[in-house]
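What follows is a single structure, written as structure tokens, with notes after it.
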Amino acid sequence: MNKNKSFRAFCRALSLYDHFLLSCHVSPEADSIGSLLAMDSLLRRLGKKTTVICEDPFPQRLEACLSSKRWKMLNELQKPQSYFQALITTDCPTLERIGKVRDIITPDTVIFNIDHHISNQFFGHFNFVRPKASACGEVVFEIFKRMRMTIHKEEAKNLYIAIMTDTGSFKYSNTTVSCHRVAAELISLGIDVDKINDAFYSTYSLSRIHLYSRLLSRVKTTPSGKIAWVGMKRSDLSHSGATYEDAEGFIDFLKYLKEVKVAFFMSEMKPDRQVKVSFRAKGNYDVNKIATYFHGGGHLKASGCVLRGTLHQAEKAILNCLHQQFRLG
Ligand code: 5GP
Ligand code: MN
């Protein structure tokens, strides 16, 4: 593995290849997708052939603000795997995060890793990783700048949405002077922030509200109130008519509790006996450590992992780990 962080080497290598596969992580969200679409556009402007691919479908709820036109799922690929010389990943701390897309790369595929996770494993032949960047979108913005590429309006929109969402609309602790400066520059390129906000946030379905009401009624806390959690069963989705996507963002409600220091949201996944977990922290509690313990990862204050077992088993294991690590009552 080449841990070459040099930007010049990164760009020089980019120019060597003609056909790129671009992939974000499984269960893609707006930072990963916005970064991917902007990189795709940059490469195409440089005359490269590109294929945007993901194991998962384009999230329906993002269709109002991000373009799914170039999105392909694995089973839609027609070309043989050797067709791609290089792979670009966005927002992936490990190569495992691209899921089954790994099956179509070969030992010869040159990997470009673009990310901002503190837990990034430098799995690429070329790695452009900025743990201080608020979002992967901010890293891609830097690539545009360093390559002296002007940023087109659609690219600006993709990057703005990436940064806006990963900072919780400039509220989370990863909100920095730098990300505000980047956002200001992107807005100056003519994007319509009001329209983006409406398209992104004012989109709840009634089913989603019904799902939230079920989940809100089951929130649990430790006696001190410092840990809060809830588990979503698959039947919560069928009873409310909601989807997995509808549950995204629910964890914020747990963080809104005044006493809460650490929150986690567990979701029963489609393959039985697997539980997807999201962690969030307030103050100095490193939930990346907790997720990493369970073979996941992420950031200090927002991380995730997948556990084998039932919701009940996951709950027990996580509470044990939290008590051991943080001694929160
Ligand atoms: P979310 O809770 O919104 O799904 O994810 C929060 C953060 O944790 C994201 O930055 C995401 O990259 C990371 N994350 C979520 N699930 C996993 C996982 O299963 N494995 C790893 N390595 N990171 C995850
Ligand atoms: Mn991100």
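Order of listing sets the numbers, starting from 1, for every ligand and every atom in it.
Among the heteroatoms counted here (N, O or S) of Asp166, OD2 is the one nearest to the Mn ion (ligand 2). Summary: OD1 is the N/O/S atom of Asp91 found nearest to the Mn ion (ligand 2). Shortest distance from the Mn ion (ligand 2) to Asp31 is reached at OD2 (N/O/S atoms only).
For the pair Lys220 and Glu315, the salt-bridge criterion is met [side-chain N within less than 4.0 Å of a carboxylate O]. Salt bridge Glu248/Arg61: present, at least one basic N to carboxylate O contact under 4.0 Å. Between Arg214 and Asp236, at least one side-chain N (NZ, or NE/NH1/NH2) sits under 4.0 Å from a carboxylate O, which counts as a salt bridge. Salt-bridge check for Arg181 with Glu185: failed, with every basic side-chain N at 4.0 Å or more from each acidic carboxylate O.
Neither the backbone nor the side chain of Glu248 comes within contact range of ligand 1; no heavy atom lies under 4.0 Å. By the criterion of a heavy-atom distance under 4.0 Å, neither the backbone nor the side chain of Glu29 is placed next to ligand 1. Under 4.0 angstrom from ligand 1, the non-hydrogen atoms of Lys276 all belong to its side chain.
For ligand 1, one of its N or O atoms has an N or O atom of Gly297 under 3.5 Å away.
Scanning all protein heavy atoms for the shortest distance to atom 7 (C) of ligand 1 gives Ala302 O, 3.5 Å. Closest to atom 15 (C) of ligand 1 among all protein heavy atoms lies Gly304 CA, 3.4 Å. Looking only at heavy atoms of the protein, atom 11 (C) of ligand 1 is closest to Arg97 NH2, 3.8 Å. Of the protein's heavy atoms, Cys305 CA, 3.5 Å lies nearest to atom 19 (O) of ligand 1. The nearest protein atom to atom 6 (C) of ligand 1, hydrogens excluded, is given as Arg280 NH1, 3.7 Å; this is a heavy-atom distance. Residue, atom and distance of the protein heavy atom nearest to atom 12 (O) of ligand 1 are His117 NE2, 3.0 Å.
Of the candidates Phe10, Phe141, Phe122, Phe112, Phe128 forms a ring-ring contact (aromatic ring centres under 6.0 Å, His included) with just one, namely Phe10. Residue Pro93 is tested with Thr292, Val129, Asp115, Ile118 for a side-chain contact (heavy atoms from CB on, under 4.5 Å); the sole match is Asp115.
Within ligand 1, counting atoms from 1 as listed, the ones closer than 4.0 Å to a heavy atom of Ser278 are 1 (P), 2 (O), 4 (O). Near His299, with a cut-off below 4.0 Å to any heavy atom, the atoms of ligand 1 are 10 (O).
The backbone N or O of Arg44 sits nowhere less than 3.5 Å from a side-chain atom of Thr50 that would complete a donor-acceptor pair.
Among the atoms of His117, none of the N, O or S atoms falls under 2.8 Å from the Mn ion (ligand 2).
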Could you walk me through whether Tyr17 and Phe84 pass ring-ring contact (aromatic ring centres under 6.0 Å, His included), step by step?
CA-CA 9 Å; Tyr17 304 100; Phe84 311 106; over 10 Å; no
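Checked against the 6.0 Å centroid criterion, the rings of Phe279 and Phe265 do not qualify as a close aromatic pair.
Under the 30°/60° scheme for interplanar angles, the aromatic rings of His299 and His116 are found to be tilted.
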